[in-house]
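Notes to accompany the following structure.
By convention in this document, chain letters (A, B, ...) are assigned in the order of the sequence lines, proteins followed by strands, and residues within each chain are numbered from 1.
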Amino acid sequence: MTDHDIFAALRRRTVAALAELLPDLPADAFARVQMEPPRDPSHGDMATNAALVVGKLARQAPPKLAAALAERLAALPEVESAAPAGPGFVNLRLRESFLLAQLPVILAEGERYGDGTASAGRRINVEYVSANPTGPMHVGHCRGAVVGDALANLLAKAGWAVTKEYYINDAGAQVQALAMAAYWRYLQALLDTREGQDFAASGPAPLRDFAASARDREAFERTHGIALQYGGDYLVPVGQALHARFGFGLVPESGGEPAPATLTAIRDFTVERMMESIREDLAALGVTGQHFVSEAQLVREGKLEQAEKVLSYKGLIYRGVLEPPKGKTPEDWEPREQTLFRATQFGDEVDRPLRKSDGSGTYFANDIANHLHKLERGFAELVHVWGADHGGYVKRMQAAVAALSSGTVPLDVVLTQIVRVMKDGEPVRMSKRAGTFVTLRDLLEMVAEKVANPGEARDAVRFTMLTRKSDAQMEFDLDKVVEQSRENPVFYVQYAYARCMSVLRGAEALLGAKATNDTFPAVAAGLAASPLESLADPAELALIRRLTTWPRTVEAAAIAREPHRIAFFLHDLAGDFHVLWNKGRDDATLRFIRADEPEATRARLALVAATGTVIRSGLAVMGVTPVEEMR
RNA sequence: GUCUCCGUAGCUCAGCAGGAUAGAGCACCAGAUUCCUAAUCUGGGGGCCGUGGGUUCGAAUCCCGCCGGGGACACCA
């Protein structure tokens, strides 16, 4: 429904009026016409740049055109007055009745208010998190998860048909290294058993020494001639699980390394366990409903070869030797003939290799396969949320998607910057589990220690992660996220909603129902027919004006792929509501519930319910639960 | 060296796909608060939007060059 967006509605009327004034102009001449709230409220409720934008094409002086346009707009039923201003703006003042009429619209539509149709239901694939299944998720993943999830929700609200996706990097060297580390932990688990100890004491010599080396990391690495990449404790339970599942069955018969098939079994088992743990972490964050795509499976299905074929058919693949990167040549650089993709034809700096010297695909090649897979499923737009350290990867991926789709499918990449977790003014670095970084679980637990329940911690984390533009670095202050004060936007917004609920609870007799989160939609809908004429205070009208900007906020944020705007909008909205609440403290006639004025009370309840509706709607996008009561 | 993101009030950050006098919170200053909806409220000071050009009726916003900071830069993912 775009007609609940009164800015869009009046923009259409403006364009129509303009088209009548200037019948010779082509329709696309009005593309840049905007209708927006003016910065300065004294300019009115809305302003349009229409005369400025088309003045040149129409060979008319903007101020003159603005005057003519204003005359027409003033005649509209929604408009109280219209006046040309400045270099060619037209300022509109809306009829109060028209503004007030938006409240029943909001109340009737409920949380659907703000839903968009501009995207016409285009299918969009939003891939996020995609943490390697080699360890626990850390705070960086956490931010990506929250941003991605909120962005997906936002796009869905704005009218896209959204698929949330998680790409599992379960092929390649890193999961091989993971398998070795899990194998090491498995041997350790064996040694912790009676049988294992007996074996280590009296088994066949080479095998015994080999197994016993697992007690010590360095000895294990020496014996196997490898360096363990994943030494974190989180694999200890995996080792135990491997033992429980396979008993002694994974120990190679003659010492030596485990057979490839054994290692594969270990790898699959371990990846599965890691993914389970990641899913648990995501669920704790409230991130669910993702579609999981396995890199290994794409490789097995030959998606890589298919992708190569497509590109090859388009003449975009060749054998060649790359120049060393300028300014910083790796020490072991040597000229090497490789299978290359002509990424430079699509705006990348250099052509990119698709095959390693052993013939297997590079990560990039597999990722191309992943994107072919997406395109085959019919997505019209693709979005990724990546950590900023992958910024250098954006161009080549966009080049690949442009090549595969012949430029018909855009790929947008949202980069999220580093999160520094702060506690008592100091950065928190260490993790009990992973040794080097703060895990997502650590973060949730640290926040949960300070609040009543895990849900509250999840909400605080999600909201806070969205209080910065995603490509700006962020400090996550553990002391502030749970602080109950105006300084904390999470609290500030939640408190506004709680106050809305508090008012509605206080009006139970009048509403004939008790207001709770569950009954809220019915209560709000029931207020849609309230008489509203008594709403006239500037603070009340300011709040209504804010509410009417919700649809355009959703649309703009979705197009810009910037979910943080929802958090800022809610903060502003909460601010308007708190102002009104505070006025009621000074002036009893502005209190929401007035025993002597049932009509005025119903009108204010309608306003309160509309405010609550939009807050709920915004929180839903962010994946945050509204709190109906605060104590 | 190349690419990329960033540079806005003392601090932390917004700035709505170029728009009219650049905003918020904190901090600072000055008031209010026996009653009322105080996990406070009202008001105020404070910025050549890093810098130099360009495009435009109009630039914090778009383009180019500098300065300063983060990140990434052949078979790793």
* Asked: Once the angle between the rings of A:F364 and A:Y393 is folded into 0 to 90°, is it parallel (under 30°), tilted (30 to 60°) or perpendicular (over 60°)?
  -> perpendicular
* Measure centre to centre between the rings of A:F568 and A:Y492, then say whether the value is under 6.0 Å. => no
* Structure fact -> For A:H373, the ring pair (Phe, Tyr, Trp, His ring centres under 6.0 Å) test, sequence neighbours excluded, returns none
Under 3.5 Å, which protein N or O atoms sit close to an N or O of nucleotides 19-22 of chain B? Give each pair with its distance.
unit_1, atom_1, unit_2, atom_2, d
B:A20, OP2, A:R39, NH1, 2.6
B:A20, N6, A:N91, OD1, 2.5
B:A20, N1, A:N91, OD1, 3.1
B:A20, N1, A:N91, ND2, 3.1

* Only counting residues at least two apart or in another chain, list the ones meeting ring pair (Phe, Tyr, Trp, His ring centres under 6.0 Å) with A:F292. => A:Y166
* If you measure from the P atom in B:C26 to the same atom in B:U40, how many Å do you get, rounded? -> 10 Å
* Asked: Under a 4.0 Å N-O cut-off, is there an ion pair linking A:R594 with A:D596?
  -> yes
* Structure fact -> Considering only heavy side-chain atoms of A:R552, the closest of B:A74, B:C16, B:A14 is B:C16
* Asked: Using a cut-off of less than 4.0 Å, is there contact between a side-chain N or O of A:Y495 and OP1 or OP2 of B:A39?
  -> yes
* Structure fact -> Of A:S470 and A:K356, the one whose closest nucleotide on RNA chain B sits nearer the 5' end is A:S470
* Asked: Is it true that A:R604 and A:E540 make a salt bridge, defined as a side-chain N closer than 4.0 Å to a carboxylate O?
  -> yes
* **C1'-based separation of B:A14 from B:G23 [nearest Å]** => 7 Å
* Structure fact -> In whole angstroms, the gap separating C1' of B:A74 from CZ of A:R355 amounts to 17 Å
* So what does A:L322 touch, heavy atoms closer than 4.0 Å: a base, only the sugar-phosphate, or nothing? -> sugar-phosphate
* Asked: Nearest of B:G25, B:C76, B:A39 to any side-chain atom of A:M630?
  -> B:A39
* Closest contact, heavy atoms only, A:D170 versus A:S294 -> OD2-OG, 2.7 Å
* **Options B:A14, B:C76, B:G71, nucleotide nearest the side-chain atoms of A:D389** => B:G71
* side chain to side chain contact (heavy atoms under 4.5 Å, CB included) partners of A:S42, counting only residues at least two apart -> A:D40
For nucleotides 29-36 of chain B, list the nitrogen or oxygen atoms of the protein found under 3.5 Å from its nitrogen or oxygen atoms, one pair per line.
unit_1, atom_1, unit_2, atom_2, d
B:C36, O3', A:R591, NH1, 2.6
B:C36, O2', A:R591, NH1, 2.6
B:C36, O2, A:R585, O, 2.4

* Between B:G71 and B:A27, how far apart are the C1' atoms? Round to whole Å, please. => 32 Å
* Asked: Base, sugar-phosphate, or nothing: which does A:H390 touch, judged by heavy atoms less than 4.0 Å apart?
  -> base
* Look at all strands and tell whether A:Y492 reaches a base, only sugar-phosphate, or nothing, counting heavy atoms closer than 4.0 Å. => nothing
* Once Watson-Crick and G-U wobble pairs under 3.5 Å are found, how is RNA chain B written in dot-bracket notation, 5' to 3', with | for any base paired to another strand? -> (((((((..((((.....[...)))).(((((.......))))).....(((((..]....))))))))))))....
Between the protein and nucleotides 3-11 of chain B, which nitrogen or oxygen pairs come in under 3.5 angstrom?
unit_1, atom_1, unit_2, atom_2, d
B:C3, O3', A:K395, NZ, 3.0
B:U4, OP1, A:K395, NZ, 3.4

* Mind calculating the distance between CG (A:D572) and C1' (B:G23) to the nearest angstrom? => 10 Å
* To do: Could you state the atom-to-atom distance from CH2 of A:W581 to P of B:A38 in whole Å?
  => 8 Å
* To do: For B:C28 and B:U34, measure between their P atoms and round to the nearest Å.
  => 24 Å
* Structure fact -> In whole angstroms, the gap separating P of B:C13 from CG of A:L466 amounts to 16 Å
* Please give, in whole Å, the distance from B:A24 C1' to A:N488 CG? -> 15 Å
* Asked: Closest nucleotide of RNA chain B for A:L590 versus for A:T467: which of these residues is on the 5' side?
  -> A:T467
* Do A:R468 and B:A14 have a side chain to base donor-acceptor pair shorter than 3.5 Å? -> no
* Asked: In terms of side-chain heavy atoms, does A:E295 have a donor or acceptor partner in A:N366 at a distance below 3.5 Å?
  -> yes
* **For A:S81, side chain to side chain contact (heavy atoms under 4.5 Å, CB included) partners two or more places apart** => A:R93
* To do: Remember a base hit wins even if backbone is also touched, and classify A:R565 as base, sugar-phosphate or nothing at under 4.0 Å, heavy atoms.
  => sugar-phosphate
* Take the protein atom CD of A:Q484 and the nucleotide atom P of B:U40, then report the distance between them rounded to whole Å. => 9 Å
* Contact class for A:F592 (heavy atom, under 4.0 Å): base, sugar-phosphate, or nothing? -> base
* Asked: Does a donor on one side chain and an acceptor on the other come within less than 3.5 Å for A:R267 and A:Q176?
  -> yes
* **Check ion pair A:D479-A:K423 (N to O, under 4.0 angstrom)** => no
* Select one nucleotide: of B:C13, B:A17, B:U40, the one nearest the side-chain heavy atoms of A:A556. => B:A17
* Asked: What is the minimum heavy-atom distance between A:A51 and A:P62, and which atoms define it?
  -> CB-O, 3.5 Å
Pair up each side-chain donor or acceptor in residues 496-509 of chain A with any protein partner under 3.5 Å, not counting sequence neighbours, and list the distances.
unit_1, atom_1, unit_2, atom_2, d
A:Y497, OH, A:N517, OD1, 2.7
A:Y497, OH, A:R616, NH1, 2.9
A:R499, NH1, A:H578, ND1, 3.0
A:R505, NH1, A:E628, O, 2.9

* **Of all pairs that satisfy salt bridge (charged side-chain N to carboxylate O under 4.0 Å, His left out), the ones with a partner from residues 557-577 of chain A, not counting sequence neighbours** => A:E381-A:R561, A:D412-A:R561, A:R546-A:D572, A:R546-A:D576, A:E562-A:R565
* **Residues forming a side chain to side chain contact (heavy atoms under 4.5 Å, CB included) with A:V350, sequence neighbours excluded** => A:R352
* Can you check the A:W386 CH2 to B:A72 P distance for me, whole Å? -> 15 Å
* **B:G7 and B:U12, which share atom name P, separated by this distance in whole Å** => 13 Å
* Asked: How would you label the contact of A:E475 with the nucleic acid (heavy atoms, under 4.0 Å): base, sugar-phosphate, or nothing?
  -> nothing
* Using side chain to side chain contact (heavy atoms under 4.5 Å, CB included) as the criterion, list what pairs up with A:S119, not counting sequence neighbours. => A:R122, A:W160
* **C1' spacing across the pair B:G10 / B:G53, given as an integer number of angstrom** => 31 Å
* Asked: What integer number of Å spans the P atoms of B:G47 and B:C5?
  -> 31 Å
* Whole-Å distance separating the CG atom of A:L504 from the P atom of B:U37 -> 17 Å
* To do: Using a heavy-atom cut-off of under 4.0 Å over every strand shown, decide if A:A560 touches base, sugar-phosphate, or nothing.
  => nothing
* Asked: For atom C1', what is the distance between B:C64 and B:A20, given to the nearest Å?
  -> 28 Å
